[in-house]
Amino acid sequence: IIVLHPAHKLSYFRKRKWPELWIDTAVSLVHDEWELNYKPKQPTPLSSVTAENSNSHKYFGDIELSTANATHNLLTEYLASPALPLVTDPIAFWVSQIPEKNPLATMALDFLTAPTASTDVERAFSSGGRQVSKLRHSLADETIRAVTVLGSWSDNSLVPQSDLIDNIQKKTKGKHQAQGVEVVVVDSDDVPLTSGPE
């Protein structure tokens with residue numbers, strides 16, 4: 001993963017006096033992953049080409065070749081270029097490289113955002129297990145996923161409680177208005193109470 005940090009690259013290993021064989025192994029692993037899963041495949045040539053298309057291929061073949069070579073050398077060029085010591089947030093750096101257009105950015109983000117431990121995943125799995133009981137066994141997959149994610153985000157303060165309360169109130173108000181019931185907030189805890197038909 002550290003190889004894909006623009007501020008370190010291979011200098012991280014050399015500063016810590018890793019044997020060159022170990023560094024070569026690390027580079028080889030990154031190259032293998034790039035070749036196997038991230039490097040775009042070369043377009044396959046058409047089996048039958050008319051004379052007109054053949055001429056156009058002759059004129060534009062160099063452009064296609066240079067594009068293919070640029071893609072092919074992305075990882076090699078990245079590793080050969082100097083480290084960028086001013087980059088303190090590698091994820092923000094790779095996001096700025098437009099991952100949709102840069103397969104190396106996609107690879108870097110996949111690796112740099114991988115969780116370092118499975119604790120959060122296990123906690124989310126346990127929480128999801130509590131959502132499905134004998135009385136709630138027919139919940140849709142999307143509902144279980146949404147409840148689990150929302151619960152995890154709320155536990156980590158990623159969803160402001162005030163926003164959550166506002167959304168629940170809006171949903172409740174909209175639902176009751178459709179049924180002809182007025183929703184009135186009466187206490188400091190923002191608990192909606194219903195009155196009679198409007």
Side-chain angles (χ1 to χ4, degrees), residues 1-45 60-131 141-142 144-164:
I1 293 174
I2 201 70
V3 173
L4 297 169
H5 192 309
H8 299 293
K9 298 186 182 180
L10 302 181
S11 65
Y12 174 87
F13 304 116
R14 295 198 171 101
K15 284 177 185 174
R16 281 153 184 78
K17 303 193 183 318
W18 277 37
E20 281 300 319
L21 180 61
W22 292 9
I23 297 174
D24 291 343
T25 301
V27 172
S28 175
L29 290 171
V30 173
H31 270 287
D32 290 348
E33 187 64 29
W34 165 255
E35 293 284 336
L36 185 63
N37 295 310
Y38 293 94
K39 182 178 141 187
K41 305 297 182 238
Q42 300 264 346
T44 53
F60 297 107
D62 290 342
I63 296 173
E64 293 171 4
L65 185 61
S66 65
T67 305
N69 285 340
T71 302
H72 175 73
N73 293 325
L74 277 174
L75 180 59
T76 306
E77 289 173 7
Y78 164 77
L79 292 174
S81 64
L84 305 172
L86 297 180
V87 175
T88 55
D89 186 343
I91 294 173
F93 171 84
W94 285 113
V95 167
S96 72
Q97 302 301 305
I98 311 177
E100 295 79 14
K101 296 183 180 178
N102 184 347
L104 186 57
T106 302
M107 176 179 170
L109 287 170
D110 281 354
F111 278 81
L112 293 168
T113 58
T116 55
S118 62
T119 308
D120 290 337
V121 176
E122 292 170 12
R123 188 177 292 120
F125 188 79
S126 296
S127 173
R130 288 192 296 273
Q131 303 302 325
D141 294 348
E142 293 79 10
I144 297 168
R145 188 180 303 117
V147 169
T148 303
V149 169
L150 183 60
S152 175
W153 287 354
S154 298
D155 289 344
N156 292 304
S157 302
L158 296 175
V159 179
Q161 189 172 6
S162 58
D163 290 355
L164 193 57

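Counting from 1, the numbers follow the sequence of the chain as shown.
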Heavy-atom pair with the smallest gap, counting every atom of [X] and [Y]:
X: Trp34; Y: Pro103; value: CZ3-C, 3.8 Å
X: Asn102; Y: Leu104; value: OD1-N, 2.9 Å
X: Asp110; Y: Tyr38; value: OD2-OH, 2.7 Å

Note to self: What's the separation between atom NE2 in His5 and atom CG in Leu84, rounded to the nearest 0.5 Å?
What the structure shows: 10.5 Å
Margin query: Nearest 0.5 Å, please: how far is CG in Leu74 from CD in Gln97?
Written below: 10.5 Å
Item checked: Qualifying residues under salt bridge (Lys or Arg N to Asp or Glu O under 4.0 Å), relative to Arg14, sequence neighbours excluded -> Glu20
Checklist line | Tyr78 backbone acceptor or donor facing Lys9 side chain under 3.5 Å | finding: yes
Note to self: Strictly distance-based, threshold 3.5 Å: is any side-chain N or O of Ser28 a donor or acceptor partner for the main-chain N or O of Asp24?
What the structure shows: no
Margin query: If the test is side-chain contact (heavy atoms from CB on, under 4.5 Å), which one of Thr76, Val3, Asp32, Leu10 qualifies with Val27?
Written below: Leu10
Note to self: side-chain contact (heavy atoms from CB on, under 4.5 Å), that's the test. Do Val30 and Met107 meet it? Break it down for me.
What the structure shows: CA-CA 10 Å; Val30 173; Met107 176 179 170; 3.7 Å; yes
Indicate every side-chain donor-acceptor pair of residues 85-95 with a distance under 3.5 Å to a residue at least two apart or in another chain.
residue : atom : partner : partner atom : Å
Asp89   : OD1  : Ile91   : N            : 3.2
Asp89   : OD1  : Ala92   : N            : 3.2
Trp94   : NE1  : Leu4    : O            : 2.8

